[in-house]
Amino acid sequence: MFGERISEEVFMRELLKCSFCGFCEWVCPTLKAEESRLYGPRGRVNIIIFAIKDGVWTDLGLRSIFNCLVCGACNTQCPAGIKISEYIRSFRYYLISREFRPCFIAK
Amino acid sequence: MAPPIKEILRIIVENVIRVGMPIPVSRRVVFKWAEGLGLKKNSETILFTGTLYQLVPYITSIVGRLESIEKSKLSSLLMSFGAKLSGIADRLLVRTPRGEIERQYEVLRRIVALLKKTDTRFGYLYEDDMYSGALLYDMGLDNYFREHAEKVYDRLKDLGVETLITVDPHTTYIMKEVYREVLPRYSLKVKNYLEVLSSSDLTPYRIIRKDVTIHDPCYYARYLKIVEEPRKLLRSGGINIIEANRVRELTFCCGGPIESISPTLSRSVALMRMDELSTSCKNIVVMCPICYANLSRVKAVDTNVDDISNYLYSIYCE
């Protein structure tokens with residue numbers, strides 16, 4: 001799932017399949033190491049949904065998105081079949097190409 | 001305070017644009033390990049290292065520095081200052097123990113020795129061995145990744161390459177799956193060396209009676225389904241595999257992918273994984289240089305973390 005091909009509609013269509021059951025949480029390494037639920041897959045799905053739907057995100061949310069290991073453990077647990085880690089990776093591109101654009105050289 | 005994400009991303013992009021790799025090391029670091037091995041340069045099938053094994057000692061040094069910065073209240077200032085003076089910062093950051101560099105070179109030499117035991121004929125590109133762009137992709141730097149991928153692919157086609165033999169999970173995934181998605185004209189065949197060895201009916205030169213536990217890298221186990229190959233190769237040589245709590249497609253990450261963004265969190269994840277693995281067995285087999293680096297920095301004195309190629313070399317080579 002290469003970032004530039006994913007529209008906001010696709011993010012929302014796929015991530016709203018999440019029923020927030022939390023099965024993904026027990027396998028997430030970063031959630032086990034951090035206290036905030038935002039550091040788990042369910043929290044990251046919420047971050048993406050709120051960012052796209054309402055334009056709302058926080059520094060903690062941003063850090064959580066870039067602290068995902070993209071290890072794919074959550075994907076093995078999702079009853080809805082959402083490739084959670086792939087959407088998190090693509091959302092990094094979404095952020096970088098919009099408000100979170102770093103002052104890169106060349107572009 | 002954690003290092004500022006924007007600055008880290010900017011440094012990664014600058015380095016890839018400037019030197020073709022996420023860390024500013026000399027090109028000679030990439031291919032020095034192959035000197036004297038007599039590998040042909042012009043070959044349709046090549047060993048493509050993706051430079052990861054060679055860069056790991058430098059990554060470890062940098063992560064150590066970043067951890068110190070993370071503990072500093074001035075992290076943002078230090079990072080931006082470091083980025084502006086990147087030439088000086090590069091030299092400070094990449095001072096690395098010689099022994100660790102040689103250790104990773106030896107892994108690559110042993111992979112070559114193992115591949116020479118098969119029917120596969122292959123060469124090596126020396127100064128044209130390249131970085132796949134894995135970190136750009138992982139961090140969502142998709143536009144920069146595409147540009148880098150096009151450069152790498154065009155160079156490989158110019159050199160007449162048709163098939164790549166890869167040696168680590170990140171490079172394998174990027175070259176096998178992601179390049180195909182990003183570059184519609186992509187036509188290279190990609191095999192991982194463990195797949196090549198496993199399908200070659202190698203005869204063990206010696207049997208090694210030893211207990212080990214395997215740490216499956218996420219990309220091998222979940223993304224590429226390379227799970228049975230390493231087990232088959234080790235068991236054929238007499239190795240007894242004691243499976244840890246979470247293995248195969250349910251493996252637990254070593255924490256390595258976020259070592260540059262949050263080195264302290266990365267260490268916490270590595271500690272959890274090390275606890276699981278060392279409870280099963282004190283001899284831990286890894287198959288990825290990033291896993292090796294991250295697990296090694298948290299291992300206890302009585303625990304041994306070693307690359308699978310070292311075990312396979314002892315079994316299949318004289």
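Chain letters run A, B, ... following the sequence lines, proteins first, then strands; residues in each count from 1.
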Least distance between heavy atoms, [X] atom then [Y] atom:
{"X": "A/Arg63", "Y": "B/Pro4", "value": "NH2-CA, 4.2 Å"}
{"X": "B/Tyr137", "Y": "A/Arg89", "value": "O-NH1, 2.5 Å"}
{"X": "B/Arg246", "Y": "A/Trp26", "value": "NH1-O, 3.8 Å"}
{"X": "A/Asn67", "Y": "B/Ile261", "value": "OD1-CG2, 3.4 Å"}
{"X": "B/Tyr223", "Y": "A/Cys71", "value": "CE1-O, 3.6 Å"}

The reported gap from CG in B/Asp142 to OG in A/Ser97 (rounded to nearest 0.5 angstrom) is 8.5 Å
Rounding to 0.5 Å, atoms CD (B/Glu249) and CG (A/Asn75) come to a distance of 13.0 Å
Quick one: which of B/Ser266, B/Ser268, B/Cys253 has the most heavy-atom pairs under 4.5 Å with chain A, could you say?
->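 Top count of heavy-atom pairs under 4.5 Å with chain A: B/Cys253.
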Which one of B/Val269, B/Leu265, B/Thr251 has the most heavy-atom pairs closer than 4.5 Å to chain A?
->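 The option with the most such pairs is B/Leu265.
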Given that the side chain runs from C-beta out, which part of B/Arg273 has a heavy atom under 4.5 Å from chain A: side chain, backbone, both or neither?
->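 Contact with chain A: none, neither part.
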Can you say whether B/Met139 sits under 4.5 Å from chain A via the side chain, the backbone, both, or neither, judging by heavy atoms?
-> both
Go through B/Ile8 and A/Phe66 one step at a time and tell me if the side chain to side chain contact (heavy atoms under 4.5 Å, CB included) criterion holds.
-> CA-CA 11 Å; B/Ile8 299 277; A/Phe66 279 93; over 6 Å; no
For B/Ala293, side chain to side chain contact (heavy atoms under 4.5 Å, CB included) partners two or more places apart | B/Val56, B/Thr60
Is there any salt bridge (charged side-chain N to carboxylate O under 4.0 Å, His left out) pair reaching into residues 219-229 of chain B, and which pairs are they, with sequence neighbours excluded?
-> B/Glu228-B/Arg248
Positions in residues 13-21 of chain A that reach chain B, provided some heavy atom is under 4.5 Å away |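 The list, in residue order, is empty: none.
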Residues 33-49 of chain A: residues contacting chain B (heavy atom under 4.5 Å, by number) =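 Contacts with chain B: A/Ala33, A/Glu34, A/Tyr39.
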Counting heavy atoms not belonging to A/Asp54, are there more than 12 under 6.0 Å from its CG?
->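 Yes, the 6.0 Å shell around CG holds more than 12 heavy atoms from other groups.
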If you draw a 6.0 Å radius around OH in B/Tyr186, do more than 12 non-hydrogen atoms from other residues or ligands fall strictly inside?
-> yes
Side-chain heavy-atom pair A/Val27, B/Leu250 within 4.5 angstrom cut-off |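 No. Closest side-chain heavy atoms not under 4.5 Å.
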Region of A/Val70 in contact with chain B, defined by heavy-atom distances below 4.5 Å =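 Both backbone and side chain.
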